[in-house]
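We count ligands from 1, going down the list as the structure has it; atoms in each ligand are counted the same way.
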Amino acid sequence: MKDRTKFTHLGRPKPGLGTSVNHSITRASTLLFEKSEDLYRTDVRGYGRHGSVIHDAVEEAFCELEGGSGTSLTPSGLSACTLAILACVKSGDHILVTDSIYGPTRYFCDEFLKKMNVQAERYDPRCRTGIKELIRDNTSAILMESPGSLTFEIQDLPAIRSMAKEISIIVDNTWSAGITYQPLALGADISIHAATKYIGGHSDIMFGAVVSRTSSMAKQVAKTRKLLGLATSPDDAYQILRGFRTLHTRFREQEKTAFNLAKWLSEQDFIDRVLHPALEEHSDHKIWKRDFTGGGCLFSVVTKPASHEAVNSFLNGLKFFGLGFSYGGFESVVIHCDPQLNRTLGTKISGPLIRFGCGLENIEDLKNDIKQSAKQAF
Ligand SMILES: Cc1ncc(COP(=O)(O)O)c(C=O)c1O
């Protein structure tokens, strides 16, 4: 069965006489039992924090998406990242974190893990087998994001796995929606989604998922989620399941728009370079072609030297790109990235960096919008 068919049908109620197409939302904190003897049973759901039928269906959808053995759901993408890390570390450990990781995940590593006596060391996302030099006896996890946030470096996961056989590899796989990249199949232990982006798809929901390759890792993550008390509402889970139904169709449109827009931008006068791994001139294009089956809706451009005022004027002049963080929704968005660029290794960015997230608008409208705003700004 093809994915598009799978996600149309999975996790639905069994047809009966007049059954609805979707499960109904069950809102609950307390769950009632008939007999006192059942209150402490571990084989049945005992409390609202432990989920609902819809949560089960969402977990199943993420396992199908990633080829995983188990999923833990979280109230945001960032909490999915922190949960995965906390499930893999203990006091005294050392972890390796890509220099291109999503900023708030980096702050968690630098501030929170430090308090736990876990040392987080950054590595160059393009180090490939060079990761070996950084691995210590107490290295317990490698935290990857491919392509990297803002700067779009592709990492060589198989090479990193070959150098780190016993270490938990965690990949933030938000960019590909799990559709064009399958890190678990390439040797990662955990794949993370900020489902806030494509899977929610409408910029109105915060949600995350941690998908594990093995059932033992899935249990470790689920236990940590329980200990931390992380829970998601059935209403949010319902919206995420609804998002899965149309995910593939939306994603393919947005992916196509992003690739075509990136190609077109690379020919525009005000652009120095476009950072999209599907473009042949991208430094990691070969690894991308080997490991990915497609792109995503998000990419960056480095403009020719320009003042802050010119960049602000360009962004303010856009009519169809919302000025805002996140991506994967139906509307296109844009940000300038320099204030949050925090790279210490490898990647050097020479000029103003602007990130585009493509929505579902007509591409000619998006091009015309960029053309008119660039003309007055640069
Ligand atoms: C790659 C990546 N991971 C994690 C997150 C965090 O997700 P959320 O905003 O749902 O906390 C984001 C948000 O922008 C992201 O881009």
Side-chain angles (χ1 to χ4, degrees), residues 58 62 65-66 71-86 97-110 112 120 125 143-155 157 170-181 183 188 190-211 225 228 230-233 236-237 239-240 243 247 251 254 258 275-277 292 295-300 322-329 331-337 339-343 347 353-359:
V58 174
F62 277 106
L65 183 72
E66 287 281 351
T71 296
S72 286
L73 305 176
T74 63
S76 68
L78 180 58
S79 55
C81 298
T82 58
L83 169 63
I85 298 167
L86 289 173
V97 180
T98 177
D99 199 34
S100 55
I101 202 79
Y102 173 62
T105 307
R106 178 167 53 240
Y107 309 141
F108 171 82
C109 293
D110 291 348
F112 195 95
L143 184 55
M144 303 178 52
E145 187 181 326
S146 186
S149 264
L150 312 175
T151 43
F152 296 88
E153 304 88 342
I154 297 289
Q155 293 189 48
L157 171 53
I170 304 168
V171 180
D172 185 330
N173 192 23
T174 300
W175 184 79
S176 84
I179 294 175
T180 55
Y181 190 46
I190 290 177
S191 181
I192 294 168
H193 285 277
T196 308
K197 322 286 176 211
Y198 304 103
I199 301 169
H202 296 73
S203 308
D204 54 2
I205 195 165
M206 308 294 300
F207 211 84
V210 181
V211 191
R225 184 196 70 80
L228 291 170
L230 295 176
T232 56
S233 86
D236 290 349
Q239 296 293 0
I240 290 296
L247 172 66
F251 179 86
Q254 290 172 264
L275 309 179
H276 189 311
F292 286 67
C297 81
L298 194 72
F299 65 93
S300 289
L323 297 176
F325 296 97
S326 200
Y327 62 94
E331 81 298 0
S332 293
V333 285
V334 67
I335 52 169
H336 62 95
C337 308
Q340 55 163 321
L341 247 194
N342 181 342
R343 300 287 185 268
T347 309
L353 185 69
I354 296 174
R355 190 187 74 176
F356 293 95
C358 296

query: Quick one: does Ser149 get an N or O within less than 3.5 Å of an N or O on ligand 1?
result: no
message: Show the atoms of ligand 1 that are less than 4.0 angstrom away from any heavy atom in Thr196.
response: 8 (P), 10 (O)
query: Quick one: OG1 on Thr105 to CG on Asp172, what's the gap to the nearest 0.5 Å?
result: 6.0 Å
statement: Result for side-chain contact (heavy atoms from CB on, under 4.5 Å) between Arg355 and one of Val333, Val334, Leu275, Leu298 points to Leu298
- prompt: Partners of Ser100 by side chain to side chain contact (heavy atoms under 4.5 Å, CB included), sequence neighbours excluded?
  reply: Thr98, Pro125, Thr151, Glu153, Gln155, Arg343
- request: Taking only heavy atoms of Glu145 into account, list the atoms of ligand 1 that are under 4.0 Å away from them.
  value: 1 (C)
- prompt: Counting N and O atoms only, with roles assigned by atom type, does the side chain of Thr180 sit under 3.5 Å from a partner on the main chain of Phe292, one being a donor and the other an acceptor?
  reply: no
task: For the pair Thr74 (side chain) and Ser79 (backbone), establish whether a donor and an acceptor sit closer than 3.5 Å, ignoring hydrogens and angles.
output: no
- prompt: Can you tell which part of Leu78 has a heavy atom less than 4.0 Å from ligand 1: side chain, backbone, both or neither?
  reply: both
field: atom 15 (C) of ligand 1: the protein heavy-atom neighbour that sits closest, reported with distance to 0.1 Å
entry: Tyr102 CD1, 3.6 Å
query: Can you tell me the protein heavy atom closest to atom 2 (C) of ligand 1 and the distance?
result: Asp172 OD2, 3.5 Å
message: Need the ligand 1 atom indices (1-based, order shown) with element for anything under 4.0 Å from a heavy-atom of Ala194.
response: 4 (C), 5 (C), 7 (O)
- prompt: Tell me, which protein residue and heavy-atom name are nearest atom 14 (O) of ligand 1, and how many Å apart are they?
  reply: Lys197 NZ, 2.7 Å
query: Sub-3.5 Å donor-acceptor pair from the side chain of Asn342 to the main-chain atoms of Gly103, do we have one?
result: no
statement: The protein heavy atom nearest to atom 8 (P) of ligand 1 is Gly77 N, 3.4 Å
- prompt: Under 4.0 Å from ligand 1, counting heavy atoms only, is it the side chain of Tyr327, its backbone, both or neither?
  reply: side chain
Tyr198 side chain to Trp175 backbone, donor-acceptor under 3.5 Å: yes
